[in-house]
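So the structure is just underneath, and the comments pick up after that.
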Amino acid sequence: MHRRIITPGALAAASLMLAIPASAASYSPGAPGIGDPYYPAYGNGGYDVSHYDLRLQYQPATDELAGTATILAKTTQDLSSFDLDFLLDVSEVRVNGVKASFATSGQHELVVTPKTPLAKGTPITVVVRYSGVPSTKSAYGFNTWHRTPDGAVAADEPEAAWWWFPSNDHPLDKATYDVSVAVPDGTQAISNGTLQSTSSKLGWTRYNWRENKPQATYLATLAVGKFDITTSTSEGGVPVVNAYSKDLGDNDGAARASVERTGELVDWLSGYFGPYPFSSAGGYVPNTTTGYALETQTRVYYSPKQFANGSNTSVVVHELAHQWYGDSVSLKGWKDIWINEGFARYAQWLWSEHEGEGTTQQLADYVYASHPADDAFWTVKPGDPGPDNQFDIAVYDRGALAVQALRNAVGDDAFFAILKGWPQTHAYGNASVADFQAYAEQVSGKSLSSLFDTWLFQPSKPAASAAKAVAVAKSTAASVRPRSWKKIEATNDVH
């Protein structure tokens, strides 16, 4: 969503923090970045989080958020200090019950120095007390906290956590979550996973949500407002929780006609991707002005603009496909975004075929024929697009072309075995494009290096000889637009 590059100055500062002579001490600061080349200052080194417990109170009228975050982690090196990614105002930090000193650094770093250094392999409990007005905070010139007429929403990619909880903000460090939020009576708080309980006291209602499977920080979401909440269970037994702002206006009907099919679509996708990996499913549609949708784990965020022209199950299919490709199996680095977006887009192509509105092959032919060789579309490499092009349409459409090329190269039996086996082989973990290629080669028994290079890493349109596995139709037929294309194209702003 936000195509940014961290400045060299920030990198220099990070390098200085790490430049401690080995002879000085065995303990050293954890790195202020986890090592992702796209976003060098995102995430942190020196520890691994296993659980976030967030106890919050939010006042919609003033956008005031107060909270206590309890973070369970284990050190991965001898630590003298460590960073958390965070923007709000901190009043106290404790490490294993003892007060720690803290300071801000750079654009979004909270540097914590424990009273005594921490040896490698030490379990740590970090408690951070904080407050602030998220809408007043920015980093790198942007803010991802979305105010609504009756509340607010935290949902963005590749970052959203900084505005509401301190974290190790990178998909490599996944954790389970308990999110407890108190809001004024008559207002609801929605988050990931399953609603464990609610309670009311002195004009406030507290909602306790739990996500019991590992979750990347950018997939954690919080929505506060006045919602109409629906609950159901899919035919396959998956509990579904959906929520709609009470002021969606003309978009209300189309939103419900789309999102209320979540249970049906989860069951349908399970036929391709294997059992649904989480304890609940669903989505929410707040009254925001943003245009995108996001695969926030178990509870998808949809902008009402997705339904401005009527219902669109294609966007629901895209975001639900991410629950397997992106959420359960998360990327190792942001350059691996193709595994998320190429397969979520391909799920839309499969849905088009299911609905009789164009086969996956017809869609592939159409995309290939629609972009001439000199189109900038072909200069984007889905396998490593760069931070500026991370969410470029080529990552989606050329990415789905690569999936169709793989299908045609290995045959349907191997292809659908790969499609279903991958999320189970890497369930709740992280994987890269290279890992996927190796897995596809293992299942198919074929060398696929040339195919992956051609479709994912070459900044040019594959020649007719290389493209024959995809563009097999005559040029005239290939340029015929499948009936589903308009619905698919309407989801170009989704994640």
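Heavy-atom basis, side chains included; hydrogens, waters and symmetry copies ignored.
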When you compare the side chains of D327 and Q215, does any donor N or O come within less than 3.5 Å of an acceptor on the partner?
no
Enclosure of D228 CG (heavy-atom neighbours >12, cutoff 6.0 Å)
yes
Side-chain contact, heavy-atom cut-off 4.5 Å: V153 with L222?
no
Quick one, T187 and V224 - any side-chain contact, counting heavy atoms below 4.5 Å?
yes
May I ask you to test the V285-Y302 pair for a side-chain heavy-atom distance under 4.5 Å?
yes
Is K486 salt-bridged to E489, going by a charged N under 4.0 Å from an acidic O?
no
cation_pi(R256, Y244) dist<6.0 Å, angle<=45:
yes
Exam field: side chain E211 to backbone Q297, donor-acceptor pair closer than 3.5 Å:
no
Taking the side chain from T221 and the backbone from S191, do they hold a donor-acceptor pair closer than 3.5 Å?
no
Set of residues satisfying side chain to side chain contact (heavy atoms under 4.5 Å, CB included) with respect to K461, sequence neighbours excluded:
Y368, A373, W378
Are any side-chain N or O atoms of T298 and backbone N or O atoms of N192, one a donor and one an acceptor, separated by less than 3.5 Å?
no
Keeping the roles fixed (side chain from Q362, backbone from T359), state whether a donor-acceptor pair exists under 3.5 Å.
yes
Is the backbone N or O of D453 less than 3.5 Å from a side-chain atom of K381, with the two atoms forming a donor-acceptor pair by type?
no
Please report the C-alpha distance between F227 and Q188 in whole Å, then the side-chain angles of each, then the deciding distance to 0.1 Å, and finally whether the side-chain contact (heavy atoms from CB on, under 4.5 Å) criterion is met.
CA-CA 7 Å; F227 292 97; Q188 290 97 359; 3.8 Å; yes
With sequence neighbours left out, write down each residue that passes ring-ring contact (aromatic ring centres under 6.0 Å, His included) with F457, or none if nothing qualifies.
none
Determine whether L65 and L56 satisfy the following criterion, side-chain contact (heavy atoms from CB on, under 4.5 Å), listing intermediate values before the conclusion.
CA-CA 7 Å; L65 177 69; L56 312 174; 4.1 Å; yes
Could you tell me if the side chain of V380 sits less than 4.5 Å from the side chain of R398, heavy atoms only?
no
Whether D252 and K246 form a salt bridge (side-chain N of Lys/Arg under 4.0 Å from carboxylate O of Asp/Glu) is what I want to check.
no
Do the non-hydrogen side-chain atoms of L110 and D83 ever get within less than 4.5 Å of each other?
no
Where does the angle between the aromatic ring planes of H371 and F377 fall among parallel (under 30°), tilted (30 to 60°) and perpendicular (over 60°)?
parallel
When rounded to the nearest 0.5 angstrom, what is the spacing between CH2 in W349 and CZ in R407?
11.0 Å
Between R210 and D178, does a salt bridge (Lys or Arg N to Asp or Glu O under 4.0 Å) hold up when you go through it step by step?
CA-CA 5 Å; R210 170 170 292 170; D178 280 306; 2.7 Å; yes
Kindly confirm or rule out a cation-pi arrangement of K213 over Y428, judged by NZ or CZ under 6.0 Å from the six-membered ring centre and within 45° of its axis?
yes
Please state whether the rings of F142 and W163 are parallel, tilted or perpendicular, taking 30° and 60° as the class boundaries.
tilted
Approximate separation, where rounding is to 0.5 Å, of K174 NZ and S330 OG:
3.0 Å
Interatomic distance, D247 atom CG to N287 atom CG [nearest 0.5 angstrom]:
4.0 Å
Hey, are E357 and K487 close enough for a salt bridge, meaning a charged N less than 4.0 Å from a carboxylate O?
yes
Of Y301, Y396, Y218, F391, the residue whose pairing with H495 passes ring pair (Phe, Tyr, Trp, His ring centres under 6.0 Å)
F391
Are the side chain of S444 and the backbone of A414 linked by a donor-acceptor contact shorter than 3.5 Å?
no
Of Y39, Y38, W334, which is the lone residue that meets side chain to side chain donor-acceptor pair (under 3.5 Å) with Q390?
Y39
Going by heavy atoms in the side chains, are L456 and Q437 under 4.5 Å from each other?
no
Check the side chains of N408 and Q361 for a donor-acceptor pair under 3.5 angstrom, ignoring hydrogens and angles.
yes
Go through S352 and L363 one step at a time and tell me if the side-chain contact (heavy atoms from CB on, under 4.5 Å) criterion holds.
CA-CA 9 Å; S352 167; L363 284 158; 3.7 Å; yes
Only one of D169, T217, D85, D156 clears side chain to side chain donor-acceptor pair (under 3.5 Å) with W162; which?
D169
Would you check, one step at a time, whether the test ring pair (Phe, Tyr, Trp, His ring centres under 6.0 Å) holds for W338 with F343?
CA-CA 7 Å; W338 169 72; F343 285 86; 5.1 Å; yes
Would you compute the distance between atom NE2 of H322 and atom OG1 of T296 and round it to the nearest 0.5 angstrom?
10.5 Å
Under 3.5 Å: donor-acceptor pair, side chain of W209, backbone of V179:
no
Just wondering, do L419 and Y325 contact through their side chains at under 4.5 Å, heavy atoms?
yes
Beyond-backbone contact of Q348 with S484, side-chain heavy atoms, under 4.5 angstrom:
no
Which label fits H426 and Y439: parallel for a plane angle under 30°, tilted from 30 to 60°, or perpendicular past 60°?
perpendicular
Would you please test W324 and Y276 for ring pair (Phe, Tyr, Trp, His ring centres under 6.0 Å) and show each step?
CA-CA 7 Å; W324 288 265; Y276 182 70; 5.6 Å; yes
Give a yes or no on this: more than 12 heavy atoms of other residues, nucleotides or ligands lie within 6.0 Å of atom CG of D413.
no
In terms of side-chain heavy atoms, does H318 have a donor or acceptor partner in T491 at a distance below 3.5 Å?
no
Let me see the working for V259 and F307 under side-chain contact (heavy atoms from CB on, under 4.5 Å), right down to the final yes or no.
CA-CA 10 Å; V259 179; F307 312 108; 3.9 Å; yes
Do D63 and W145 have a side chain donor and acceptor closer than 3.5 Å?
yes
N/O donor-acceptor pair under 3.5 Å between S234 side chain and V238 backbone:
yes
Check whether the side chains of W351 and S314 place a donor and an acceptor atom closer than 3.5 Å, and report yes or no.
no
Roughly how far, to the nearest 0.5 Å, is OG of S245 from CG of N251?
11.0 Å
dist D493:CG -> L294:CG (nearest 0.5 Å) comes out at 13.0 Å
So, the side chain of N492 versus the backbone of I393: is there a donor-acceptor pair under 3.5 Å, distance only?
no
Going through the checks in order, is the side-chain hydrogen bond (donor to acceptor under 3.5 Å, both in side chains) test met by D36 and H170?
CA-CA 9 Å; D36 194 305; H170 191 277; 2.7 Å; yes
Spell out, as yes or no, whether a donor-acceptor pair under 3.5 Å connects the side chain of S432 to the backbone of D435.
yes
Partners meeting ring-ring contact (aromatic ring centres under 6.0 Å, His included) with Y207 (sequence neighbours left out)
none
Using ring pair (Phe, Tyr, Trp, His ring centres under 6.0 Å) as the criterion, point out the one residue from F415, Y272, F416 that pairs with Y346.
F415
